[in-house]
Amino acid sequence: MVLKVFFPSCCSSAESGILIGRWIPEQSSAVILAVVHFPFIPVQVKQYLREVQQVTKVSVSVLGSWNNSKQEKEESLSEFLEDLGTIFSHEPWIQISKEGDSKFWNCSTLQKQPDNHREEEIILVYYDQRKVMLSHLHPPSDTADLGAEDASKLSAIFNTVASSKVLFMTDRYDDGPIKMTHWQSDGIEASIIVELMKQVSVPACMLLTFLLSLVSGVCNSRVLKFWPLSFLWSKLSTCEQLGHRLQHLQVISSSKKAQNQTQLMRKANIFVSLLIDVALGILLMSWLYRKNQIGHLADTLIPVADHVAEELQDLLQWLMGAPAGLKMNRALDQVLGRFFLYHIHLWISYIHLMSPFIEMILWYVGLSACLGLTVALCILSDIIALLTFHIYCFYVYGARLYCLKIYGLSSLWRLFRGKKWNVLRQRVDSCSYDLDQLFIGTLLFTILLFLLPTTALYYLVFTLLRLLVVIVQGLIHLLVDLIDSLPLYSIILRFCRSYRLAAGVKFRVLEQQDGKPLRLLMQKTP
């Protein structure tokens, strides 16, 4: 029979006393939780353990004795610790004592039944109680004792430590009759700032939930579902980002407690992402309003728009000639070129008409950076979409004209083969055409075929321009999605407290000798 004793490394320097913990008979394991020091009254210890068991639902009991006496001649203390096994009835009675000058501890068992002479192989496992408590490797279920089905799992050890929070709330500064040593015996690990934030967060979350309910009610009202408000809400990336952040704020301010570690990490990641987003937005806003940076941007925006318009005009003049030595249809080339040049002229007039108000618009847009850097980036993406709206119109015109010609050519090609498209059955059927229909179809097919290179060239050029604008907007949205979805809190924990994100445990052999317990060290695996 193999007896496994899980001993917390924080109790290695504790004074002599008794070991309290949980005994798991299904896997012959003893989980030591704390050491009770001398002097103590056994009745008070039993009463305290009953109170702990009622609160934690964990069968905590006295498992054995702990002897940390450095004097080898103190045999009376050892005998006294052995006699405690008659007061606290537990089978087997575990005895852990100092091995002279060795840095390790000797672990043995005392059988109370004289008929039981079997020898037990003991494995002494050292574990970091603080890391086990904070690693959340225990099951996310209730704190009830695990049954025989789950007792074989190592998670029973973590569940025992995690369920004993009440036991770890007493430190050496308490005036109670029982003095113990555990991972928080020198003082409960906490922060005054964190505790104050917990107290303030309750009314703050209630107020934030009320305000968010009002905002969500306005957003879900029927007024915003009518055209063109619904169209603008679906097309502007700023509105989508505001709705996304509104959902994040509702998740953070929810009064419902996280059910498991996954929901807790999700809330923490959203909260840290929101804080960093707002901090970066405030830095951007401070830079914009420092030394009249908005005025310089407004003065630069008009010349840039004029330069882009001039480049487009030069491009259209090049297409209206003989681009790359290609022979274009002169009439169609001139019609398309003048049509697009007229749109550029209208766009330049619109930009110059808005030039007196651009600085004021940028000034108010800069204030939106206090909502977060992602909101400012989405506004930048919408501004780029508005400034390049003429390029989008060119692309739509060219794409629609090209598609109409391809559709006409495909229909006339079916006419040559004696086929037609059946709209009702959604298939190609055979059809007989007369001579006039074939003649007119041949003429139209020839005209469309010879006009196709000119249309295809304009479509290709404007598609490349539109693709350039989409790439710039895509990079902006990629940065926005990176800020929104990057698990910053998990990354910080991974570098600062990796045991909080432990995936499992591993055991390292500390000492293995014949006739002595096998000593292992339980470590977390990232």
Side-chain angles (χ1 to χ4, degrees), residues 193 197 200-201 203-220 224 229 232-255 258 263-294 296-298 301 358-387 469-493:
I193 299 178
M197 290 179 64
V200 176
S201 62
C205 288
M206 294 178 60
L207 178 61
L208 186 60
T209 303
F210 175 72
L211 295 177
L212 289 177
S213 62
L214 293 179
V215 175
S216 61
V218 173
C219 295
N220 295 327
L224 296 178
L229 294 179
L232 293 176
W233 184 268
S234 61
K235 295 301 180 181
L236 293 179
S237 58
T238 304
C239 297
E240 293 183 359
Q241 179 62 23
L242 289 176
H244 192 60
R245 281 307 185 193
L246 180 62
Q247 295 178 357
H248 284 177
L249 288 175
Q250 289 176 348
V251 172
I252 295 174
S253 61
S254 176
S255 58
Q263 295 181 2
L264 180 62
M265 293 298 294
R266 180 174 179 267
K267 279 190 174 184
N269 286 323
I270 292 175
F271 181 71
V272 174
S273 175
L274 187 62
L275 283 182
I276 294 179
D277 185 21
V278 174
L280 293 176
I282 293 176
L283 288 177
L284 176 62
M285 185 174 64
S286 64
W287 178 79
L288 288 175
Y289 291 97
R290 184 188 305 168
K291 297 181 181 179
N292 197 20
Q293 294 290 340
I294 293 182
H296 296 310
L297 290 176
L301 189 60
I358 288 181
E359 184 175 357
M360 182 180 63
I361 293 174
L362 292 179
W363 194 88
Y364 285 107
V365 167
L367 293 177
S368 64
C370 64
L371 299 176
L373 180 62
T374 55
V375 177
L377 290 175
C378 290
I379 293 177
L380 177 62
S381 177
D382 293 334
I383 291 176
I384 292 176
L386 292 176
L387 292 179
V469 176
V470 169
I471 289 175
V472 174
Q473 289 182 309
L475 293 176
I476 295 176
H477 287 288
L478 182 63
L479 182 58
V480 171
D481 294 338
L482 183 64
I483 298 176
D484 285 340
S485 60
L486 190 65
L488 298 174
Y489 180 74
S490 301
I491 294 175
I492 294 173
L493 282 183

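All residue numbers refer to positions in the sequence shown, counting from 1. Just so it is clear, the model here is predicted, and its values are computed rather than measured.
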> Side-chain atoms of residues 470-486: list all donor-acceptor pairs with protein atoms under 3.5 Å, sequence neighbours left out, distances to 0.1 Å.
residue, atom, partner, partner atom, Å
Gln473, NE2, Ser381, O, 3.0
His477, NE2, Ser381, OG, 3.1
Asp484, OD1, Gln241, NE2, 3.4
Asp484, OD1, Arg245, NH2, 2.8
Asp484, OD2, Gln241, NE2, 3.2
Ser485, OG, Asp481, O, 2.5

> CG of Leu362 to CG of Leu367: how many Å apart, nearest 0.5 Å?
11.5 Å
> Can you spot which of Val278, Leu283, Asp277 makes a side chain to side chain contact (heavy atoms under 4.5 Å, CB included) with Leu373?
Asp277
> Does any pair with a residue in residues 235-254 pass ring pair (Phe, Tyr, Trp, His ring centres under 6.0 Å), and if so which ones, sequence neighbours excluded?
His244-His248
> Working to the nearest 0.5 angstrom, can you tell me the gap between Ile361 CD1 and Leu301 CG?
10.0 Å
> If you round to the nearest 0.5 Å, how far is CG of Leu274 from CG of Leu488?
11.0 Å
> Going by the rule side chain to side chain contact (heavy atoms under 4.5 Å, CB included), which residues pair with Asp382 if we only count those two or more places apart in sequence or in a different chain?
Leu236, Ser237, Thr238
> If I take atom CG from residue Leu284 and atom OH from residue Tyr289, how far apart are they, to the nearest 0.5 angstrom?
9.5 Å
> Would you compute the distance between atom CD1 of Ile379 and atom OH of Tyr364 and round it to the nearest 0.5 angstrom?
14.5 Å
> Between the main-chain N or O of Met265 and the side-chain N or O of Asn269, is there a donor-acceptor pair closer than 3.5 Å?
yes
> Looking at CG of Leu371 and SG of Cys378, how far apart are the two atoms once the value is rounded to the nearest 0.5 Å?
11.5 Å
